[in-house]
Amino acid sequence: MCGGQQQVGEQELATKMLQIQSKRFYIDVKQNRRGRFMKVAEIGADGRRNQVFLALSTAAEFRDHLSLFSDFYANLGPPNPDTLPEDGKLKSETMVKDNRRYYLDLKENSRGRFLRVSQTIARGGPRCQIAIPAQGMIEFRDALQELLDEFGTDDGGYKGELPEGRHMRVENKNFYFDIGQNNRGIYMRISEVKTNFRTAITIPEKSWSRFRDIFADYVDKMKDGGEKGPSESNK
DNA sequence: ACGGCTA
């Protein structure tokens with residue numbers, strides 16, 4: 001999920017480039033049907049790329065953390081391996097958005113100090129992380145700020161105002177559609193309700209259009225009546 | 001002129 005390709009139906013609204021020491025950072029503001037977000041890509045001196053994705057609201061949170069991290073950094077004494085914690089972390093924060101977790105760690109190693117930003121999706125997926133040289137945190141914060149000034153901090157997703165549920169009766173069956181939201185995002189719950197029996201499935205919003213396509217495909221196939229039934233839909 | 005010791 002952290003991988004690199006451009007998604008379909010994704011538009012780029014703005015981009016900003018920053019050179020910090022030997023690295024280049026590209027901060028893109030993008031938009032897809034799920035809302036607006038930033039892609040932060042780090043290009044190393046060797047051309048290697050790392051990136052993380054932040055919803056705009058998370059980007060605003062990150063901007064605030066950056067201010068605090070750079071204050072903290074400004075008040076640090078000179079590097080001292082003797083007082084450095086075992087894990088190399090001088091200060092840590094976390095951010096959470098839907099099912100994504102972000103770890104911000106101001107770290108120190110023999111090369112110096114840097115802010116490591118890592119993003120995790122569920123578990124097992126490829127790791128997304130970037131490292132910002134501590135000296136560049138302010139510059140980075142300012143770049144983030146400029147983009148937030150222009151685009152705001154609203155993710156553009158559905159916040160609070162989910163569509164109404166509905167009911168459908170077909171033949172003798174009752175179906176209910178309910179739209180809900182949990183920490184993993186928006187979902188639709190379809191329940192079939194009888195007097196002594198209730199069953200339901202929960203469908204993540206991300207997949208609704210695929211369900212629609214599959215339904216439409218079957219509807220088309222059944223229209224022509226005849227031999228090619230739905231069972232032939234996989235190929 | 002870098003380069004960053006789990007998830």
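We name chains A, B, ... by the order of the sequence lines, and we start the count at 1 in each one.
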Colleague: Within this structure, what is the NZ-to-C1' distance between Lys23(A) and dG3(B), rounded to whole angstrom?
Modeller: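 Roughly 6 Å, once rounded to whole Å.
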
Colleague: Mind checking whether His167(A) and Tyr176(A) have parallel, tilted or perpendicular rings, split at 30° and 60°?
Modeller: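 Taking Tyr176(A) first and then His167(A), their aromatic rings lie parallel (interplane angle under 30°).
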
Colleague: Starting at CD of Gln135(A) and ending at C1' of dA1(B), how long is that distance when rounded to a whole Å?
Modeller: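 To the nearest whole Å, that distance equals 13 Å.
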
Colleague: Hydrophobic cluster mates of Tyr26(A), side-chain heavy atoms under 4.5 angstrom, ILVMFWY only, any path?
Modeller: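 Direct or chained contacts put Tyr26(A) with Met17(A), Ile43(A).
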
Colleague: Expressed in angstrom and rounded to an integer, what is the separation of Asp105(A) atom CG from dC5(B) atom P?
Modeller: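 Computing the Asp105(A):CG to dC5(B):P distance gives 10 Å.
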
Colleague: Can you see if the side chain of Arg116(A) gets near the phosphate of dT6(B) - specifically, an N or O under 4.0 Å from OP1 or OP2?
Modeller: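 Yes.
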
Colleague: When all nucleic acid strands are considered with a 4.0 Å heavy-atom cut-off, which category describes Glu42(A): base, sugar-phosphate, or nothing?
Modeller: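 Contact class for Glu42(A): none.
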
Colleague: Taking 5.5 Å and 30° as the limits, would you call Tyr103(A) and the base of dA7(B) a stacked pair?
Modeller: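 Given the distance and angle limits, yes, they stack.
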
Colleague: Determine whether any donor atom in the side chain of Glu108(A) lies under 3.5 Å from an acceptor atom in the base of dG4(B), or the reverse, and answer yes or no.
Modeller: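 Side chain to base: no pair present.
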
Colleague: Do Arg116(A) and Asp105(A) sit within salt-bridge range, that is, some charged N less than 4.0 Å from a carboxylate O?
Modeller: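 Salt bridge present between Arg116(A) and Asp105(A).
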
Colleague: Determine whether any donor atom in the side chain of Ser22(A) lies under 3.5 Å from an acceptor atom in the base of dG3(B), or the reverse, and answer yes or no.
Modeller: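 Yes, a donor-acceptor pair under 3.5 Å.
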
Colleague: Mind checking Ala131(A) for me? I need base, sugar-phosphate or nothing, with any heavy atom below 4.0 Å counting as a touch.
Modeller: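 It contacts base atoms.
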
Colleague: In the hydrophobic clustering (ILVMFWY, side-chain contacts below 4.5 Å, transitive), which residues join Tyr187(A), or is it alone?
Modeller: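 Its cluster mates, by chain and number: none.
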
